[in-house]
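Presented below is the structure to which this report refers.
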Amino acid sequence: MELYKTNQLKIYNSLSKSKEVFKPIVEGNVGMYVCGPTVYSNVHLGNVRTFMSFDMIFRYLKHLGYKVRYVRNITDAGHLTDDDAEDKISTKARLEKIEPMEVVQRYTIDFHNTLQNINNLPPSIEPTATGHIVEQIEIIKDILAKGMAYEVNGSVYFDVLKYNETENYGILSGRKIEDSIENTRALDGQSEKKNPQDFALWKKADERHIMRWPSPWSDGFPGWHLECSAMSTKYLGSEFDIHGGGMDLKFPHHECEIAQSKVKNGVNPVHYWMHANMLILNGEKMSKSTGNYILPNEIFSGENNILSKPFSPSVTRFFMLQANYRSILDFTNAGIEASEKGYIKLEEAVNNLDNIAVSNKSSIDVKGWKQKCYDAMNDDFNTPILIANLFEAVKFVNLLLVKKETITAIDLKELKSTLKAFFYDVLGLKNEIQQDSSDKLTGVIELLIQMRKEARDNKNWSLSDQIRDELLALGIQLKDGKEGTTFSVN
RNA sequence: GGCGUCGUGGCCGAGUGGCUAGGCUGGGCUCUGCAAAAGCUCCUACAGCGGUUCGAAUCCGCUCGAUGCCUCCA
């Protein structure tokens with residue numbers, strides 16, 4: 001039987017600002033849409049945290065037995081820069097004197113490589129904005145026909161004030177449109193919009209704009225917010241279960257999405273809105289302009305001015321999973337160093353699962369422990385609590401190894417499968433220790449362990465310590481125990 | 001200025017009306033030839049000031065501080 005039938009998952013819904021019991025539209029199936037990146041530069045660690053958070057959510061939903069269709073778009077057109085209303089991709093292409101699609105290709109590859117490095121699963125569908133121009137034009141036609149948009153000089157804008165007469169613009173972000181009217185900063189005039197709150201559905205392209213498509217209104221390009229409405233509707237339907245994205249997209253992006261979809265399809269598109277919180281660096285917002293930012297590859301390679309040494313993708317992932325996805329997380333050297341030490345302990349315990357002897361009765365409560373793991377994840381994907389429970393299992397494993405606790409074969413099987421399922425499948429961690437120990441290396445080390453034992457039996461401490469210390473210098477740690485000596489490779 | 005979020009022990013980071021978070025660090029002990037590893041154990045906190053309550057870190061109010069959005073942003 002599928003696990004979702006016996007687990008009551010609760011999800012924090014940004015729409016209601018509370019945790020709600022998760023009930024999909026179609027039992028056993030989940031439709032999830034997550035706003036993807038605009039591929040005009042390398043993804044930084046903050047981007048990665050958001051996508052990693054939804055990867056964890058995707059993984060747990062699958063673990064519960066749901067059939068999940070996970071759609072995450074690539075924004076390759078329509079996302080404007082702030083200063084001169086030019087497309088981000090187009091700007092980059094002009095600056096580097098390459099084709100816009102070369103920009104898209106370069107950073108899409110970087111995005112995929114980085115997410116693969118950090119062990120994210122690929123989404124079920126990864127559609128692009130430029131691949132859905134036709135769908136977007138159809139939505140604009142529909143919104144125009146319903147009188148909720150207007151055309152000015154070849155551009156089309158969504159009429160937010162009119163929409164707000166019958167609907168609630170601000171339903172997600174909690175903003176009141178009156179406030180935003182009062183507090184709108186004076187923009188440099190020249191706006192075609194009837195009201196500053198209005199947003200573009202279609203923009204006419206000027207002469208220098210490289211990316212352009214024909215439409216009934218002008219040669220131009222779609223507004224940024226529109227692509228998500230078009231693609232989520234196309235692949236998940238007019239109503240679907242989960243929509244995710246970074247906290248910073250809540251307003252205006254997601255608010256606009258709701259408005260567009262509501263006009264087009266007549267229903268509120270999303271049942272559960274989920275927002276992942278920001279990652280900050282040394283207490284401050286990540287920002288390219290101030291230099292306070294770090295790229296994932298710089299963490300893995302150690303080529304940066306922030307960290308004392310390189311940290312692996314799994315350690316980076318583990319660090320981020322030790323905080324709740326809805327909390328702001330501060331990335332610091334001390335923080336990831338602490339995570340690395342804990343992570344190694346956890347990895348070793350996972351490896352040691354196979355070295356445990358069984359008894360005819362259990363002194364530890366495996367069932368109760370397992371339930372606590374599920375309770376943590378069922379409570380809005382509380383990975384910090386889950387990890388705290390995994391460390392409880394680490395203690396079990398270590399006590400079992402020195403025979404201070406006992407376990408039956410059945411309980412051991414359950415402990416193994418549960419710990420491995422959460423470690424590998426749900427949290428998406430990799431066991432880096434295991435990868436480094438080839439059979440040949442293991443044989444060599446075991447030989448040295450044997451030689452050291454003989455030296456110790458002869459009280460030849462200088463030789464035994466030399467073997468131990470020089471191996472340690474190579475990253476191989478010997479561990480003496482009652483049952484003999486074991487080792488780990490870092 | 002407007003709309004939010006948050007302030008937890010040496011550090012990171014959960015919890016959110018009464019009951020152990022967890023990790024890292026530091027001290028002590030057991031084990032060990034000495035260490036390391038492992039185990040046990042100690043350091044027992046909730047920004048400040050009021051209020052509600054039998055009882056508040058947890059609810060309410062104010063103050064202070066941090067931070068996000070309001071303009072592109074995961």
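Since the structure is predicted, the reported quantities are computational estimates derived from the model, not experimental observations. Residue numbering restarts at 1 for every chain, and letters A, B, ... go by the order of the sequence lines.
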Tell me the interatomic distance from [X], atom [atom1], to [N], atom [atom2], rounded to whole angstroms.
| X | N | atom1 | atom2 | answer |
| --- | --- | --- | --- | --- |
| A/L346 | B/G23 | CG | C1' | 11 Å |
| A/H44 | B/C72 | NE2 | C1' | 13 Å |
| A/E340 | B/C11 | CD | P | 22 Å |
| A/E255 | B/G68 | CD | P | 21 Å |
| A/Y33 | B/A74 | OH | C1' | 14 Å |
| A/E347 | B/A38 | CD | P | 13 Å |
| A/K403 | B/A38 | NZ | C1' | 14 Å |
| A/E348 | B/G23 | CD | P | 15 Å |

Watson-Crick or G-U wobble partner for [N], using a 3.5 Å limit on both distances?
| N | answer |
| --- | --- |
| B/U32 | none |
| B/C43 | none |
| B/U52 | none |
| B/A57 | none |

Need one value for [X]: base, sugar-phosphate or nothing, where a base atom within 4.0 Å counts as base even if backbone is also close, heavy atoms only.
| X | value |
| --- | --- |
| A/S464 | base |
| A/K285 | base |
| A/L279 | base |
| A/E337 | nothing |
| A/R456 | base |
| A/N382 | sugar-phosphate |
| A/N324 | sugar-phosphate |

Which nucleotide in the set B/A74, B/G22, B/C69 lies at the smallest distance from any side-chain heavy atom of A/F391? B/G22
Candidate nucleotides B/A37, B/A74, B/A14, ranked by approach to the side chain of A/K479 - the nearest: B/A37
Note, [X] side chain near [Y] side chain (heavy atom, < 4.5 Å):
| X | Y | value |
| --- | --- | --- |
| A/M377 | A/T383 | yes |
| A/S232 | A/F240 | yes |
| A/M274 | A/I242 | yes |

Side-chain donor/acceptor of [X] to base of [N], under 3.5 Å:
| X | N | result |
| --- | --- | --- |
| A/D457 | B/G33 | no |
| A/R326 | B/C6 | no |
| A/D480 | B/A35 | yes |

Euclidean distance for P, B/C59 against B/C43 (whole angstrom): 28 Å
For the P atoms, the ones on B/C40 and on B/A66, what distance do you get once it is rounded to whole angstrom? 41 Å
Closest-nucleotide ordering on RNA chain B, the 5'-leading residue of A/A323 and A/M247: A/A323
Identify, between A/T332 and A/G245, the residue whose nearest nucleotide on RNA chain B lies closer to the 5' end. A/T332
Verify the ring-centre separation between A/F51 and A/F58: is it less than 6.0 angstrom? no
I'd like to know whether the aromatic ring centres of A/Y235 and A/Y33 sit less than 6.0 Å apart in this structure. no
May I ask you to check whether A/N460 and A/S462 show a side-chain donor-acceptor distance below 3.5 Å? yes
Ring-on-base stacking B/G33 with A/W461 (under 5.5 Å, under 30°): yes
Verify the contact: side-chain N or O of A/N398 to OP1 or OP2 of B/G39, cut-off strictly under 4.0 Å; return yes or no. yes
Between A/K395 and B/C40, does any side-chain N or O lie under 4.0 Å from OP1 or OP2? yes
Is the cationic atom of A/K345 (NZ for Lys, CZ for Arg) positioned less than 6.0 Å from the six-membered ring centroid of A/Y343 and within 45 degrees of its normal? no
